[in-house]
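A short worksheet on the structure shown next.
Quick note on labels: first sequence line is chain A, next is B, and so on, each numbered from 1.
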Amino acid sequence: MLDNKYNASVSEPKWQKFWQDNNIYKFDKNSNKPIYSIDTPPPTVNGHIHIGHIFSYSQAEFIARFKRMTGYNVFYPFGFDDNGLPTELYVEKKHKVKAHEIGREKFRQLCYETVQSLEEEFKNLFITVGNSADWDLMYHTVSKESQRTSQMSFIDLYNKGKSYCASAPALWCTKCRTSIAQSELESVERDSIFNYLKFFIEGTNDYVEIATTRPELLCACDCIFINPKDEKNKYLLNKKIRIPLYNFTVPVLTDDKVDMEKGSGVVMCCTFGDQTDAQWFKKYKLEYKKAIDDSGKMTEIAGKYSGMKVREARAQIIEDLKANGYMIKQENITHQVSVHERCGTEMEINLKRQWFIKTLENKDVWKKIGDEINWYPSFMKSRYTDWVDNLIMDWCISRQKYFGVPIPVWYCKDCGTPIIADAKELPVNPLIDKPKHACPKCGSIHYEPEIDILDTWATSSITPQINCKWNVDDKMFNKLFPMSLRPNAHDIIRTWDFYTIVKGFYHNDSRPWNNIMISGFVMADKGEKISKSKSNAKQSTFEFIKQYSADVVRYWTATGSLGRDILISEDVLKNGAKLVNKLYNAGKFIWQFLDNYIPKKTNLFPMDKWIILKYNKMFNSFKKYFEKYEIGLAMNELESFFWNFCDNYIEISKNRLYKPEIYGENGKLSAQYTCYTVFLKMLQLFAIYLPHITEEIYQNTFKNTQNEISIHKFNIGKIDVDFDEKIIEKGDAVVNIISSVRQFKSENKLSLKTEIKSIEITNEDVEFISSCIDDIKAVTSTQNIKLNQGNFDIKIGEIISDNK
RNA sequence: GGGAGAUUAGCGCAGUUGGUAGAGUACCUGCCUUACAAGCAGAGGGUCAUAGGUUCGAGUCCUAUAUCUCCCACCA
């Protein structure tokens with residue numbers, strides 16, 4: 001029996017422990033069932049889990065439960081992305097230290113410790129919301145195993161010629177002091193000044209006007225570009241241009257990329273002002289003039305500005321340009337600039353030895369694989385293809401940081417050739433370990449270690465390989481790869497999804513997953529994304545759970561449409577609370593009549609057949625929506641069925657349950673069978689969304705007459721029937737009659753239990769109405785019903801009693 | 001500038017292949033009905049953003065336009 005009141009704060013932890021203790025969600029290695037595998041996003045360990053995570057993760061979690069309950073052996077690992085820059089930045093902030101100041105080893109140790117306590121907190125929170133991951137399959141991107149696989153990936157790419165080491169222009173963050181990848185950039189609008197400067201033509205008093213927002217880079221100017229079709233400025237070719245204030249001269253070159261309409265149609269090329277400069281640098285093999293050092297200060301070539309920060313130098317040089325008559329005019333503009341997404345620092349370009357993975361040369365392949373994968377919702381695919389189309393740089397994977405997977409490489413001291421670690425000795429730390437062989441090129445045994453580490457995405461992009469045991473357990477790998485589902489929010493399509501596709505192709509010549517499911521964001525308010533930096537999450541997830549229970553929070557996460565952003569809504573949370581309450585009450589009610597009931601088939605009354613068929617119909621659309629990953633729409637179907645079950649079916653059948661002496665023992669048996677069967681089936685569907693309340697009900701009621709240890713062990717499905725679907729329509733007509741009587745009573749301000757002496761019903765199907773005439777009489781409190789054949793009409797007669 | 005999504009009741013949303021606009025919530029009116037007042041019944045409320053087009057028929061398909069959101073590019 002069920003207690004009078006449901007107490008979520010007691011029940012939820014109880015069942016969470018029960019599921020753990022009984023391995024309810026465990027992946028079965030030896031099962032013959034089809035496998036459904038989920039490539040769970042490892043949350044970045046750089047702060048606290050907020051409601052946005054819970055939203056996104058729940059969406060995938062519903063799929064895991066649905067698949068588990070439709071006969072799949074679900075492989076659902078959980079992991080943490082605990083290496084790399086985001087974690088370093090978090091640790092620096094939390095402990096108020098700077099990595100380069102306290103030293104590599106001390107800092108790494110601090111990172112390890114910080115990450116461990118945070119992960120414990122993360123894990124507990126996910127357990128608290130009833131996440132059904134198999135916690136035995138836990139992974140960490142900084143673990144020995146992950147490091148090994150990540151370094152193996154690096155070596156495999158090197159051996160296949162898909163990665164290279166080069167001194168090539170790479171994006172550089174002067175605050176984080178590391179290279180970054182194109183995907184780590186973000187555009188923000190910044191105010192700036194367009195400076196129109198005089199560049200004198202050597203040997204004349206004539207000048208050409210060139211506009212720039214970055215006058216501090218004059219010292220790094222290599223040349224001037226004009227468009228080859230530019231008739232107006234053609235005269236500049238073969239002339240030398242003198243650089244203002246610096247007095248050196250540069251040549252004039254032509255390139256198609258120059259926009260004749262922009263500014264004066266003449267551009268200066270510096271190393272490096274922007275990505276176009278970097279492209280020209282490579283294309284025309286220009287000289288590298290390093291004007292900005294790694295920490296964002298001007299170098300000695302800047303002359304008097306040397307040692308100044310970029311912005312400081314810019315302000316100063318503008319003054320000097322004005323004072324020396326070079327400034328023609330200035331324009332205030334706002335423009336989009338690329339900044340590092342982690343810290344907001346304006347991106348620079350730097351030339352250093354870096355490792356790259358080739359992404360530009362296979363754009364067609366990336367798109368083809370994108371086409372092979374089912375995208376849910378489908379429109380999110382364009383985010384991916386747009387990104388691939390717009391790629392302009394290979395993926396730079398080396399980072400000048402500390403806490404992460406070391407690049408398994410040494411360099412020959414004599415000839416500079418990379419000495420790659422052997423696959424057998426992984427994981428290695430080149431700072432500690434020694435190479436097992438001499439330089440492959442010159443045979444020298446003198447080496448120096450690589451001190452850089454790998455981009456965190458270089459490791460998280462192989463979560464399928466890590467989890468499926470690539471090069472560890474071939475049998476397992478072949479069973480699990482490609483994985484069934486990649487779920488993530490839309491912000492990491494260009495990073496995590498794209499890079500995983502790249503790795504899957506290079507390593508395994510395959511797409512990494514068959515389906516991808518993209519969730520939206522939780523907005524604090526319309527148009528405002530929840531973020532840690534703004535700390536605009538109105539309440540923490542923990543507080544929501546405390547106030548409403550985990551089931552209710554889960555309910556809210558299920559109300560969103562796939563791929564669409566959602567607002568935190570107290571209204572929706574309240575709805576969820578009502579639903580949980582109603583479920584419990586409905587369970588309590590029907591179990592008054594099922595206590596000693598042993599389920600057995602019986603001759604069913606017409607309206608009992610009706611609700612069973614309604615259930616089956618609902619189940620069809622429920623399943624259809626789930627197969628399209630539309631969990632919210634599936635829940636709508638279920639929820640409205642449930643309210644209909646309570647408000648109409650229970651009302652119709654309750655008299656038979658209460659009074660078998662009047663309505664017959666068969667009427668009671670039929671209602672018992674129907675309540676038992678439909679409620680149990682419905683409970684199983686609700687278990688996907690509301691795992692705790694459904695378990696609570698199941699354990700205290702159905703468990704005695706069912707074999708499964710938990711509600712979550714059932715296979716969901718339809719109810720077997722041998723009767724005609726037309727009963728749905730006929731039963732709906734009966735509900736319609738009941739509604740008419742309710743309407744009459746409501747309009748006349750009567751209580752619903754007001755007795756009516758007689759009703760005259762005209763209906764096309766007299767036979768069906770007549771077969772459930774007792775139910776209609778009981779639910780409408782009517783003594784006599786007269787039936788006529790014809791178009792629907794209802795006449796309500798004299799009222800017998802009014803309770804007022 | 002390129003691309004994607006959205007626009008339906010006061011609000012947040014659903015509307016499958018074109019066939020008379022839907023539930024929830026809020027508001028209003030009632031009802032303590034042998035589960036549930038966190039409940040039940042009922043009522044009102046919408047030129048489906050705008051303008052064209054296709055069609056016997058358009059919320060749905062096509063073409064523009066407007067507004068909002070997001071992604072990407074634009075630093076000369």
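Dashed line: the shortest gap from a side-chain N or O of A:S739 to OP1 or OP2 of B:G42 is under 4.0 Å. At B:A38, none of the side-chain N or O atoms of A:K578 fall inside 4.0 Å of OP1 or OP2 (strictly under the cut-off). Between B:C36 and A:K5, no contact under 4.0 Å exists linking OP1 or OP2 to a side-chain N or O. Residue A:Q182 has a polar side-chain atom (N or O) positioned under 4.0 Å from OP1 or OP2 of B:A73.
Salt bridge status for A:R214 with A:E216: present, with a side-chain N to carboxylate O gap under 4.0 Å. By the 4.0 Å N-to-carboxylate-O rule, A:K614 lies close enough to A:D732 to be salt-bridged with it.
When rounded to the nearest whole Å, the span between CD of A:Q279 and P of B:C74 equals 9 Å.
Taking atom P in both B:A6 and B:G22, one finds a spacing of 23 Å when rounded to whole Å. One P atom belongs to B:C32, the other to B:U50, and the distance between them is 45 Å to the nearest Å. On the C1' atoms, B:G44 is 11 Å away from B:A9, given to the nearest whole Å. Atom P of B:G59 sits at a distance of 7 Å from the matching atom of B:C48, rounded to the whole Å. Of the P atoms belonging to B:U34 and B:A41, the separation is 15 Å, rounded to the nearest Å. The gap from the C1' atom of B:A49 to that of B:A58 amounts to 16 Å, rounded to the nearest Å. With both ends at atom P, the span from B:U55 to B:C68 equals 35 Å, rounded to whole Å. Look at the C1' atom in both B:U20 and B:U47: the space between them is 16 Å, to the nearest Å.
Checking B:C75, B:U29, B:G42 against the side-chain heavy atoms of A:Q743 singles out B:G42 as nearest. Taking every side-chain heavy atom of A:T276 into account, B:C75 is the closest of B:U25, B:A73, B:C75. Listed nucleotides B:C75, B:U33, B:G5 differ in distance to A:H335; the shortest reach to its side chain belongs to B:C75. Closest to the side chain of A:D386, out of B:G5, B:C71, B:A73, is B:C71. For A:R383, the side-chain atoms get nearest to B:C70 when compared with the rest of B:G24, B:C70, B:C75. Side-chain proximity of A:S746 to B:A41, B:C75, B:A14: nearest is B:A41. Taking only side-chain atoms of A:D274, from C-beta outward, the nucleotide of B:C75, B:C36, B:G15 with the closest atom is B:C75. Picking from B:U25, B:U33, B:C13 the nucleotide with the shortest atom distance to the side chain of A:R564 gives B:C13. Proximity note for A:S751 (side chain, C-beta onward) versus B:U16, B:U33, B:G42: the nearest is B:U33. Taking the side chain of A:K262 as heavy atoms from C-beta on, and the options B:C74, B:C72, B:G15, the nearest nucleotide is B:C74.
In this model, a side-chain donor or acceptor of A:K624 finds a partner on the base of B:U16 within 3.5 Å. The base of B:U34 is paired with the side chain of A:K659 by a donor and an acceptor separated by under 3.5 Å.
Nucleic acid contact class of A:S561 (heavy atoms, under 4.0 Å, all strands): sugar-phosphate only. A:C646 comes within 4.0 angstrom of a nucleotide base, judged by non-hydrogen atoms across all strands. Using a 4.0 Å heavy-atom criterion, one finds that A:T212 contacts the sugar-phosphate atoms exclusively. Contacts of A:F194 with the nucleic acid, taken as non-hydrogen atoms under 4.0 Å apart, involve only primed sugar atoms and P, OP1 or OP2. In this structure, A:V266 reaches the sugar-phosphate backbone alone: every heavy-atom distance under 4.0 Å involves primed, P, OP1 or OP2 atoms, never a base.
Side-chain contact between A:I193 and A:I333 is absent, with no heavy-atom pair separated by less than 4.5 Å. In this structure, the side chains of A:N195 and A:I318 come closer than 4.5 Å at one or more pairs of heavy atoms.
With a cut-off of 3.5 Å on both Watson-Crick or G-U wobble distances, the partner of B:A66 is given as B:U7. Remark: B:U60 base-pairs with no nucleotide in the shown strands. Criterion, Watson-Crick or G-U wobble with two distances under 3.5 Å.
A ring-centre distance under 6.0 Å is found for A:Y207 and A:F200.
Both tests pass for A:K654 against the ring of A:F589: distance under 6.0 Å to the centre and angle within 45° of the axis.
In terms of position along RNA chain B, the nucleotide closest to A:T559 lies nearer the 5' end than the nucleotide closest to the other residue of the pair A:D571 and A:T559. Between A:Q592 and A:M347, it is A:Q592 whose nearest contact on RNA chain B lies nearer the 5' terminus.
In summary, the side chains of A:D191 and A:N332 do not present any donor paired with an acceptor at a separation below 3.5 Å, with no hydrogens or angles considered.
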